[in-house]
Chemist: 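Below you will find the structure I want to go over with you.
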Amino acid sequence: MKPFILRLLGLAAGAAIVCAASGAMAADITGAGATFPALIYQKWAEAYKAKTGIGLNYQPIGSGGGIAQIKAKTVDFGASDKPLTPGELSAAGLTQFPTVIGAVVPVVNIPGIKAGDMVLDGKTLAQICLGKITSWDDGAIKKLNPSLNLPHTAIATVHRSDGSGTNFIFTNYLSKMSPEWSSSVGAATSVEWPSGIGGKGNEGVANMVKQTGGSLGYVEFAYAKQNNIAWVRMINHDGVPASPTIAAVQAAAAKTDWAHSQDFYVILTDQAGHDAWPISGATFILVYKHPQDPSRLKDVLKFFQWDYANGSQMAEEQTYVPLPANTVQAIMKSWHDNIDAAAVP
């Protein structure tokens, strides 16, 4: 009887080992950071889990939070719309790579004004955000929109209250458009706003604009569409009124040489090009070059490898721009060049 019991115990132990191994293989990967790409990461995660059984637990807490969490090693990857400089990456032992490109758009809540009706230029937008232009019927706005019936309504500006890569993209653009903004506020994930009310995340700003008459805010374009908020056309670098279409974002990134940009450090605001959207930006993933658990990082890289190969249509459906094939090839090469071999798929 005893040998039979021992055989049973041995089979049970073997089954437990197999189950434990299967569980480890199917463990969800974890990430945190930018709200800018959260909508497409959610779509990719759903499709990837259906295919592989491995899920993604992603916390859209803002780029500042994502940078902090990856540095604290509490997640498998961080996400930021503000690329870290080569010096910052080296100091932290990190490497970064882009996933998609998108448009940050000014959005407004003005009675009778629909998506694309209003046009602004960078100088006027900066003056509004500085609190220097305070009413929608101001002469500078009327000059750009002679056919619109603009009300004598106070402008309520809405900004991000959290550390945000969308903040960085938007304030970087304003800094290029306005020396006053550059010197008094600057460009960063968090800045001291001259005026206005704050909302957490792209979703928080979108909701605040929807609830506040006369407001102006800024969100990633997918959030404007999802929440049915009126977005504003912008006069681009070439002096052309542009809309935040996929083609316009592609035009902004068209001349970018990702493969020869150190650590993929690229800023896409105010790019030349007749059709270019002027407030464009890429979003980035941050991981360790020498991870504590190479198998966890391998699962992260497999997830994004799958997304690059299979997620382009999903990205476009969510109004993001997929990366071109040669950029994806450069990313794969960067993994092999910069990350421990045991963690690279």
Side-chain angles (χ1 to χ4, degrees), residues 32-42 58-67 79-82 100 102-110 113-116 118 120 122 124-131 133-134 136 153-175 177 181 185-234 244 249 269 277-281 283 318-320:
T35 64
F36 181 103
L39 297 177
I40 186 55
Y41 290 175
Q42 178 185 352
Y58 182 72
Q59 306 166 49
I61 58 174
S63 296
I67 294 168
S80 175
D81 309 322
K82 177 188 182 299
V100 290
V104 175
V105 298
V107 288
V108 298
N109 180 349
I110 307 169
I113 302 299
K114 302 184 297 296
M118 177 175 285
L120 294 173
T124 303
L125 182 60
Q127 288 293 101
I128 293 171
C129 293
L130 284 165
I133 293 176
T134 59
W136 283 115
T153 301
I155 300 174
T157 55
V158 182
H159 57 260
R160 288 287 289 271
S161 60
D162 53 329
S164 153
T166 305
N167 248 8
F168 171 76
I169 294 169
F170 190 69
T171 58
N172 177 272
Y173 172 70
L174 294 182
S175 292
M177 297 296 100
W181 181 276
V185 182
T189 54
S190 293
V191 298
E192 290 293 328
W193 289 89
S195 61
I197 50 180
K200 187 175 182 180
N202 272 280
E203 189 65 39
V205 171
N207 286 333
M208 193 70 73
V209 170
K210 286 182 72 173
Q211 296 166 15
T212 308
S215 57
L216 175 143
Y218 55 94
V219 295
E220 199 281 326
F221 187 39
Y223 290 85
K225 293 192 70 175
Q226 184 185 67
N227 289 278
N228 196 28
I229 311 172
W231 47 266
V232 174
R233 289 179 294 144
M234 292 296 302
V249 176
T269 56
W277 178 251
I279 324 178
S280 296
T283 191
Q318 296 293 315
T319 73
Y320 298 91

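All values below were derived from every heavy atom in this structure, side-chain atoms included, with hydrogens, water molecules and symmetry-related copies excluded.
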Chemist: Backbone N or O of Arg160 within a donor-acceptor pair of the Ser164 side chain at under 3.5 Å?
Modeler: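 No, Ser164 side chain to Arg160 backbone: no donor-acceptor pair under 3.5 Å.
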Chemist: Atom CZ of Phe168 and atom CZ of Phe36: how far apart are they, to the nearest 0.5 Å?
Modeler: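 Rounded to the nearest 0.5 Å, the CZ-CZ separation comes out at 12.5 Å.
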Chemist: Does the pair Ile67 and Lys82 meet the rule for a side chain to side chain contact (heavy atoms under 4.5 Å, CB included), with working shown?
Modeler: CA-CA 10 Å; Ile67 294 168; Lys82 177 188 182 299; 5.5 Å; no
Chemist: Specify the closest pair of heavy atoms between Ala188 and Thr171, including all atoms of both residues, with the distance to one decimal.
Modeler: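 The answer is N-OG1, 3.3 Å.
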Chemist: On a heavy-atom basis, which atom in Tyr58 and which in Ala79 lie closest, and how many Å separate them?
Modeler: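 The pair with the smallest heavy-atom distance is OH-CB, 3.3 Å.
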Chemist: Can a donor-acceptor pair be found, under 3.5 Å and without considering hydrogens, that links the side chain of Asn202 to the backbone of Tyr223?
Modeler: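 Checking the backbone N and O of Tyr223 against the side chain of Asn202, no donor-acceptor pair under 3.5 Å is found.
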Chemist: Could you give the distance from OG1 (Thr269) to CG (Asn172), rounded to the nearest 0.5 Å?
Modeler: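 Separation between the atoms: 3.5 Å.
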Chemist: Do Val108 and Val209 have side-chain heavy atoms sitting under 4.5 Å apart?
Modeler: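 A side-chain contact is absent here, since even the closest heavy-atom pair is not under 4.5 Å.
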Chemist: Apply the side-chain hydrogen bond (donor to acceptor under 3.5 Å, both in side chains) test between Thr283 and each candidate in Asp81, Thr35, Thr166; give the one that qualifies.
Modeler: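 That would be Asp81; it is the only one of Asp81, Thr35, Thr166 passing the side-chain hydrogen bond (donor to acceptor under 3.5 Å, both in side chains) with Thr283.
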Chemist: With distance as the sole test, does Gln318 use its side chain to make a donor-acceptor pair with the main-chain N or O of Tyr320 at under 3.5 Å?
Modeler: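 No.
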Chemist: Measuring centre to centre across the rings, with the benzene-like ring taken for any Trp, is Trp231 within less than 6.0 Å of Trp277?
Modeler: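 Distance test on ring centres: not under 6.0 Å, no.
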Chemist: Minimum heavy-atom separation for Leu39 to Ala222, with atom names?
Modeler: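 Taking Leu39 first and Ala222 second, the nearest heavy atoms are CD1-CB, 3.6 Å.
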Chemist: So Ile169 and Ile279, side chain to side chain contact (heavy atoms under 4.5 Å, CB included) or not? Walk me through it.
Modeler: CA-CA 7 Å; Ile169 294 169; Ile279 324 178; 3.9 Å; yes
Chemist: Is there a donor-acceptor pair closer than 3.5 Å between any side-chain N or O of Thr124 and the backbone N or O of Leu120?
Modeler: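 Here the side-chain-to-backbone pair does not exist.
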Chemist: How long is the straight-line distance from CD1 of Ile128 back to OG1 of Thr134, given to the nearest 0.5 Å?
Modeler: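 The distance works out to 10.0 Å.
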Chemist: Using modelled atom types only, decide if a donor and an acceptor are shared between the side chain of Ser80 and the backbone of Ser63 within a distance under 3.5 Å.
Modeler: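 Between the backbone of Ser63 and the side chain of Ser80 there is no qualifying donor-acceptor contact (under 3.5 Å).
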Chemist: In the structure I gave you, are the side-chain heavy atoms of Asn207 and Asn227 within less than 4.5 Å of one another anywhere?
Modeler: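 Yes, side chains in contact.
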Chemist: Is a side-chain donor or acceptor of Ser215 paired with a backbone partner of Thr212 at a separation under 3.5 angstrom?
Modeler: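 Flag set: sc Ser215 to bb Thr212 pair under 3.5 Å.
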Chemist: First locate atom OG1 of Thr153, then atom CH2 of Trp136, and finally report the distance between them rounded to the nearest 0.5 Å.
Modeler: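 Reported to 0.5 Å precision, the distance equals 10.0 Å.
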Chemist: Please lay out, stage by stage, how Val105 and Met234 fare under the test side chain to side chain contact (heavy atoms under 4.5 Å, CB included).
Modeler: CA-CA 9 Å; Val105 298; Met234 292 296 302; over 6 Å; no
Chemist: If you round to the nearest 0.5 Å, how far is CG of Leu216 from SG of Cys129?
Modeler: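 Going from the SG atom of Cys129 to the CG atom of Leu216 covers 6.0 Å.
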Chemist: For a quick test of reading the model, state the closest non-hydrogen atom pair linking Ala38 to Pro60 and the distance between them.
Modeler: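 Answer, listing the atom of Ala38 first, then Pro60: CB-CB, 3.9 Å.
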Chemist: Return the minimal non-hydrogen interatomic distance between Asn109 and Lys210, and the atom names on each side.
Modeler: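 Closest heavy-atom pair between Asn109 and Lys210: ND2-O, 3.2 Å.
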Chemist: Between Tyr218 and Trp193, does the ring centroid distance fall short of 6.0 Å?
Modeler: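 Centroid separation for Tyr218 and Trp193: below 6.0 Å.
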Chemist: Can you tell me how far NE2 of His159 sits from OG of Ser190, rounded to the nearest 0.5 angstrom?
Modeler: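 Atom-to-atom, Ser190:OG and His159:NE2 are 10.0 Å apart.
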Chemist: Measuring only between side-chain heavy atoms, which start at C-beta, is Leu125 closer than 4.5 Å to Tyr173?
Modeler: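 Heavy-atom side-chain distance check passes, below 4.5 Å.
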Chemist: If you compare all heavy atoms of Ala230 against all heavy atoms of Lys114, which two are closest, and at what distance to 0.1 Å?
Modeler: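 For Ala230 and Lys114, the tightest heavy-atom pair comes out as CB-C, 3.7 Å.
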Chemist: Please confirm whether the backbone N or O of Gly186 pairs with a side-chain atom of Trp181, one donor and one acceptor, at under 3.5 Å?
Modeler: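 Indeed, once roles are kept as given, a pair shorter than 3.5 Å links the two residues.
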Chemist: Would you check if Phe170 and Val191 make a side-chain contact, meaning some heavy-atom pair closer than 4.5 Å?
Modeler: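 They are not in side-chain contact.
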Chemist: Say whether, by atom type as modelled, one donor and one acceptor occur between the side chain of Asp162 and the main chain of Gly201 under 3.5 angstrom.
Modeler: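 Yes; at least one donor-acceptor contact below 3.5 Å.
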